[in-house]
Amino acid sequence: MAQTFRKDLQFYKFCLYGFLKNLRFFEPFLILFFAEKGISYLQIGTLYAIREVLKNLLEIPTGVVADALGRRRTMIYSFVSYIASFVIFFFSSQYGLFVIAMVFFSFGEAFRTGTHKAMIFEYLAIKGWKDQKVYYYGNTRAWSQIGSALSSLIAASIVFLSDSYKSVFLYATIPYVMDLLLMISYPKELDGDIRNIEGDKIKRNFVKVTREFIHSFKDIEILRAVANISVYSGFYKAIKDYIQPVLKTFALALPILLSLEGKQRTSIVIGAVYFVIYILTSFASRISGKTAERFKSLRTPLNITMIAGFSMGILSGIFYNTGLLAVSIALYVGIYLIENLRKPMGISYITDMMHRDILATALSAQSQASSLVAAVVALLIGFLADLYGIGWSLAVVSILLISASPFCMAWERQRR
């Protein structure tokens with residue numbers, strides 16, 4: 001089906017939200033920041049696991065809060081938590097304080113994840129554009145990737161000029177304050193059908209949403225669809241930052257920029273590579289709708305891309321260990337591209353099965369499953385990386401997941 005939605009003011013607000021939200025200047029240097037503070041890969045894995053487990057525990061309650069109390073309020077709480085997290089990271093240098101920062105970050109992620117997507121799909125329903133989900137979400141997500149691309153260049157400049165990784169956290173508060181103000185400007189109709197916060201109505205709404213949620217997830221088709229999206233997204237979230245030490249090794253091995261300090265050389269290479277990554281992932285999001293059109297059912301591209309992504313993880317780890325760093329990095333980039341190609345298709349696939357009144361809850365449940373996978377993979381890859389190095393840890397984790405992939409294949413039948 002061709003693209004037919006109109007790019008009105010709210011469309012551009014959705015795009016601006018994603019653009020600002022992805023100005024996470026700390027992301028290209030997060031693992032290097034932890035390593036500089038003397039944190040082992042296993043400790044890094046535990047920090048990632050803490051983040052994902054807390055998100056896991058909070059996803060369903062915060063999804064229900066968003067559906068029952070209003071999505072805009074929930075998003076505002078999210079950005080306040082993010083900003084608190086960034087401030088703690090900036091002033092901290094000890095593992096215990098990093099744990100506290102991750103707790104605040106987890107609250108921010110839990111309040112945000114699924115909620116904004118539900119606002120987008122609510123808007124599409126209001127406008128009569130429900131059949132445009134893949135196109136619309138793909139376009140707005142593309143702006144998120146453009147934000148990430150620009151973020152990588154700004155982050156590289158911050159590290160290059162300050163010779164410090166921690167400064168990126170302080171600068172990250174600026175776009176998040178702007179996003180908080182943007183949320184306040186969203187129309188009230190995007191809160192969903194439920195905007196009254198009276199006690200009795202809150203209780204009834206919680207019961208209603210929870211009952212519909214439990215009923216929906218008794219369907220094996222929905223469970224397999226959620227598994228298909230969640231396993232790959234969890235894998236991606238857990239391993240994506242480990243490209244940073246690979247890039248650092250690559251940067252220091254290059255016979256150029258030798259007059260610069262190691263951190264400056266690393267910042268240039270990481271900034272450039274991340275910029276390219278996010279330009280490519282933006283393109284991948286944009287073509288998600290056209291890619292979906294080539295198949296009779298969304299389940300086919302979702303199954304194919306899942307296997308392809310895990311295969312790239314195996315090969316990237318092997319090539320890293322054999323010293324072919326450029327090939328390893330290229331395959332690692334492929335993992336990023338597949339996540340952004342398949343995510344709009346996956347979200348559309350799931351929302352086709354759900355009643356729109358519980359979208360925030362359902363999408364939060366999908367993200368919860370991703371968080372659980374990410375927590376397990378983060379601990380495993382951190383443990384293996386300390387023992388055998390990044391290359392073998394990536395290869396082993398990818399082999400385990402590709403072995404489990406038959407249990408995560410989306411089925412033929414799709415509910416409309």
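Residues: numbered from 1 along the sequence shown.
- Applying the side-chain contact (heavy atoms from CB on, under 4.5 Å) criterion to S151, with sequence neighbours excluded, gives L23, F25.
- Of all the heavy atoms in M183 and R72, the pair that sits closest is O-CD, 3.8 Å.
- For F26, the ring pair (Phe, Tyr, Trp, His ring centres under 6.0 Å) partners are F86, F169, not counting sequence neighbours.
- Of the possible donor and acceptor atoms, one in the side chain of Q244 sits under 3.5 Å from a partner among the backbone N and O of L30.
- For Y48, the ring pair (Phe, Tyr, Trp, His ring centres under 6.0 Å) test picks out no residue, with sequence neighbours left out.
- At least one side-chain heavy atom of R71 sits under 4.5 Å from a side-chain heavy atom of E122.
- Atom CZ of F383 is surrounded by 12 or fewer heavy atoms from other residues, nucleotides or ligands within 6.0 Å.
- With contacts defined as side-chain heavy-atom distances shorter than 4.5 Å, the pair F33/V168 does not qualify.
- Partners of Y388 by side-chain contact (heavy atoms from CB on, under 4.5 Å), not counting sequence neighbours, listed by chain and number: L384, W392.
- Under a cut-off of 6.0 angstrom, the local environment of NZ in K21 is crowded, with over 12 non-hydrogen atoms contributed by other residues, nucleotides or ligands.
- The minimum heavy-atom distance between S370 and S233, with the atom names listed, is OG-CB, 3.6 Å.
- For CE of M409, the number of neighbouring non-hydrogen atoms (other residues, nucleotides, ligands) closer than 6.0 Å is greater than 12.
- Taking both residues in full, the closest heavy atoms of L153 and G271 are given as CD2-O, 3.8 Å, listed atom of the first, atom of the second, then distance.
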Chi angles and distances behind the side-chain hydrogen bond (donor to acceptor under 3.5 Å, both in side chains) call for Y95, T46: CA-CA 10 Å; Y95 176 77; T46 61; 2.7 Å; yes
I'd like a table of donor-acceptor pairs (distance under 3.5 Å, sequence neighbours excluded) in which one partner is a side-chain atom from residues 301-308, with atom names and distances.
residue: N303; atom: OD1; partner: N228; partner atom: ND2; Å: 2.9
residue: N303; atom: OD1; partner: A410; partner atom: N; Å: 2.9
residue: N303; atom: ND2; partner: R299; partner atom: O; Å: 3.2
residue: N303; atom: ND2; partner: A410; partner atom: O; Å: 3.3
residue: T305; atom: OG1; partner: P301; partner atom: O; Å: 2.7
residue: T305; atom: OG1; partner: L302; partner atom: O; Å: 3.2
residue: T305; atom: OG1; partner: R342; partner atom: NE; Å: 3.0

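- Shown here are the side chain to side chain donor-acceptor pair (under 3.5 Å) partners of S288, two or more places apart in sequence or in another chain: there are none.
- Residues Y186 and K13 share a closest heavy-atom pair of OH-O, 3.5 Å.
- To the nearest 0.5 Å, the span separating CG on L379 from CD1 on I44 amounts to 12.5 Å.
- A heavy-atom distance below 4.5 Å is found between the side chains of I39 and F98.
- Judged by distance alone, the side chain of S348 and the main-chain N or O of P344 form no donor-acceptor pair under 3.5 Å.
- Here salt bridge (charged side-chain N to carboxylate O under 4.0 Å, His left out) pairs that include residues 263-280, with residues two or more places apart or in two chains, are E36-K263.
- At least one donor-acceptor pair under 3.5 Å links the side chain of S40 to the backbone N or O of Q43.
- Ring geometry, Y17 versus H116: the interplanar angle falls under 30°, so the pair is classed parallel (tilted spans 30 to 60°).
- The 12-atom threshold is exceeded at CZ of F34, counting heavy atoms of other residues, nucleotides or ligands nearer than 6.0 Å.
- Scored by the salt bridge (Lys or Arg N to Asp or Glu O under 4.0 Å) test, E27 finds R24, K240 as partners (sequence neighbours excluded).
- Side-chain atoms of S316 never come within 3.5 Å of backbone atoms of G313 as a donor-acceptor pair (strictly under, hydrogens ignored).
- For I314, the side-chain contact (heavy atoms from CB on, under 4.5 Å) criterion is met by I318, S398, I399, I402, not counting sequence neighbours.
- Among residues two or more places apart in sequence or in another chain, the side-chain contact (heavy atoms from CB on, under 4.5 Å) test is passed with T140 by F11, F14, C15, I120, Y136, Y137.
- A donor-acceptor contact shorter than 3.5 Å is absent between the side chain of S78 and the backbone of F111.
- Under a 3.5 Å cut-off, the side chain of E52 and the backbone N or O of A374 do not form any donor-acceptor pair.
- With sequence neighbours excluded, the residues that form a ring pair (Phe, Tyr, Trp, His ring centres under 6.0 Å) with F105 are Y82.
- Y236 meets the ring pair (Phe, Tyr, Trp, His ring centres under 6.0 Å) test with Y336; sequence neighbours excluded.
- D179 places no side-chain N or O within 3.5 Å of a backbone atom of P175 that could act as its donor or acceptor partner.
- With hydrogens and angles ignored, the 3.5 Å screen pairs a side-chain donor or acceptor of S85 with a backbone N or O of A101.
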